[in-house]
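Positions are given from 1 along the sequence. When a ligand or atom number is given, it counts from 1 through the structure's own listing order. Everything numeric in this text was worked out from a predicted model, so none of it was measured.
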Amino acid sequence: MRLYYPDLLPDCQIELTGEDFNYLKNVLRAGTGSKVSLFDGKGNSAQAVITGVYPNRMTVRTESVSASVETESQLKTVLLQGMLKGQKMDLVVQKAVELGATEIIPVITVRAEVRETRKIDRWKKIAQEAAKQCGRTVTPEISGPLAFKDCIKGFPAGVIFWEGGGYSLKKAGIHKTHAELAVAIGPEGGFTEDEVSLAKESGFCVCSLGPRILRAETAAIAALALVQYQFGDLG
Ligand code: SAM
């Protein structure tokens, strides 16, 4: 069991309360002397030992703190995801973290039906939980929402997935040497042709996910898996 704690220092006493406390005490039945693993979401892990158990809190002392990024892909992947309705973004955030995305930017596109959100903090929490579950020490950043046209500039390489046709990812002219890749997926209604052209002008390659039209959330998951397979750590 790994717990998230944002400020890890060696040989430091920290307090665990709330969900973490309940989980350790009531589910794992951990007590004084039990070992706990912690990560800070910035690439550091720590081994720690429980030093005290009280009615509503536990004290824990960190032993070693080390930078550990073995579960991070060498490819920095930024997912630009058209804003989706209902709870679909929750799913995309969770799966994007599991598939190694480094940053997730919800984007407002011409056809997005959702144009603003108060869910950024919720998505950050989902990202943190997903990082914890899948063994990552880095929690991907989630910012925005930003206008699609404003955030597609400045990437060393980018791919926009469009059901209107395009290259297979293999033939997209993306090289393994690109350390960072932006991956754009549209909302339920898809990208407009103007948005696809704009992305092309900004250096994005237009790519296909095959002959069937996938739901946006399926497309995001499939695209990230393919990208990691082709250029990241799933190959
Ligand atoms: N505009 C479409 C429509 O309403 O018929 C559907 C858009 S699709 C549900 C949402 C997003 O998933 C698209 O903007 C695209 O990024 C991605 N997508 C879905 N199927 C795809 C495919 N076969 N090839 C490439 N991208 C796809």
Side-chain angles (χ1 to χ4, degrees), residues 73 75-117 119 123 126-127 130 140 142-175 178 180-232 234-235:
S73 175
L75 179 74
K76 189 171 178 324
T77 315
V78 182
L79 174 65
L80 307 175
Q81 174 64 60
M83 293 262 277
L84 302 175
K85 292 191 280 182
Q87 298 193 345
K88 293 177 207 160
M89 286 296 280
D90 294 5
L91 178 75
V92 170
V93 167
Q94 186 191 61
K95 299 306 168 205
V97 174
E98 289 174 41
L99 288 164
T102 355
E103 190 177 348
I104 301 164
I105 309 179
V107 291
I108 303 162
T109 64
V110 172
R111 293 191 187 136
E113 288 182 52
V114 183
R115 308 195 71 81
E116 55 185 29
T117 185
K119 292 186 178 171
W123 295 333
I126 290 173
I142 303 185
S143 54
L146 300 176
F148 177 68
K149 63 178 175 43
D150 295 336
C151 69
I152 48 176
K153 300 184 183 100
F155 289 104
V159 185
I160 179 167
F161 285 93
W162 191 43
E163 62 285 2
Y167 293 97
S168 75
L169 194 60
K170 239 186 204 167
K171 299 196 176 135
I174 312 280
H175 304 290
H178 284 126
E180 185 180 3
L181 182 68
V183 174
I185 302 289
E188 290 89 346
F191 289 115
T192 63
E193 288 197 24
D194 281 353
E195 284 174 323
V196 175
S197 304
L198 203 66
K200 254 170 146 176
E201 282 163 29
S202 299
F204 279 58
C205 183
V206 185
C207 279
S208 165
L209 287 168
R212 291 170 292 281
I213 295 178
L214 308 180
R215 285 180 183 266
E217 59 276 30
T218 316
I221 296 166
L224 288 172
L226 285 176
V227 159
Q228 290 295 1
Y229 178 75
Q230 198 69 31
F231 313 110
L234 287 186

Geometric N/O contact Ile185 with ligand 1, under 3.5 angstrom:
no
Atoms of ligand 1 close to Glu188 [distance to a heavy atom under 4.0 angstrom, numbered from 1]
4 (O), 6 (C), 7 (C), 9 (C)
Any donor and acceptor pair, going by atom type alone, linking the side chain of Gln81 with main-chain N or O of Val92 inside 3.5 Å?
no
Nearest-contact summary for atom 5 (O) of ligand 1 - protein heavy atom, Å
Ile213 CD1, 4.0 Å
Could you tell me whether Ala219 approaches ligand 1 through its side chain, its backbone, both or neither, with non-hydrogen atoms closer than 4.0 Å?
side chain
Heavy atom under 4.0 Å from ligand 1: found in Pro187's side chain, backbone, both, or neither?
backbone
Any atoms of ligand 1 less than 4.0 Å from a non-hydrogen atom of Ser208? List them with their elements.
24 (N), 25 (C)
Just wondering, do Leu198 and Phe204 contact through their side chains at under 4.5 Å, heavy atoms?
no
Do any heavy atoms of Pro211 fall under 4.0 Å from ligand 1?
no
For Thr77, does its backbone N or O pair with a side-chain atom of Thr102 as donor and acceptor, under 3.5 Å?
yes
Could you tell me which atoms of ligand 1, counted from 1 in the order shown, lie closer than 4.0 angstrom to a heavy atom of Phe191?
14 (O), 16 (O)
Considering only the protein, which heavy-atom contact is closest to atom 20 (N) of ligand 1, and what is its distance?
Leu214 N, 2.9 Å
Identify the protein heavy atom lying closest to atom 16 (O) of ligand 1, giving its residue, its atom name and the separation to 0.1 Å.
Phe161 O, 2.6 Å
Using a 4.0 Å cutoff against the non-hydrogen atoms of Gly189, which atoms of ligand 1 qualify?
1 (N)
Could you check if a side-chain atom of Arg115 sits within less than 4.5 angstrom of a side-chain atom of Met83, using non-hydrogen atoms only?
no
Any side-chain heavy-atom pair from Lys76 and Glu103 closer than 4.5 angstrom?
yes
Closest protein heavy atom to atom 21 (C) of ligand 1, given as residue, atom name and distance to 0.1 Å:
Glu163 CB, 3.8 Å
Let me confirm one number: the CD-CD1 distance from Gln94 to Ile221, rounded to the nearest 0.5 Å.
9.0 Å
For ligand 1, is any non-hydrogen atom under 4.0 Å from Cys207's backbone (N, CA, C, O), its side chain (CB onward), both, or neither?
backbone
From the candidates Arg212, Arg111, Gln81, the one that places a heavy atom nearest atom 23 (N) of ligand 1:
Arg212
Begin from the C-alpha positions of Leu226 and Leu209 and carry the test side-chain contact (heavy atoms from CB on, under 4.5 Å) through to its verdict.
CA-CA 9 Å; Leu226 285 176; Leu209 287 168; 3.6 Å; yes
Considering distance alone, does some N or O of Gly210 sit under 3.5 Å from an N or O of ligand 1?
yes
Gly190 heavy atoms, cut-off 4.0 Å: which ligand 1 atoms fall inside?
1 (N), 7 (C), 14 (O)
Expected output: side-chain Glu180 to main-chain Val78 donor-acceptor under 3.5 Å:
no
Between Gln228 and Ser73, is there a donor-acceptor pair closer than 3.5 Å when you use the side chain of the first and the backbone of the second?
no
Identify whether the distance between the nearest side-chain nitrogen and carboxylate oxygen of Arg111 and Glu195 falls below 4.0 Å.
no
Nearest non-hydrogen protein atom, atom 24 (N) of ligand 1:
Leu209 N, 2.8 Å
Determine the minimum heavy-atom distance between Ile185 and Ala216, stating which atoms define it.
CG2-O, 3.7 Å
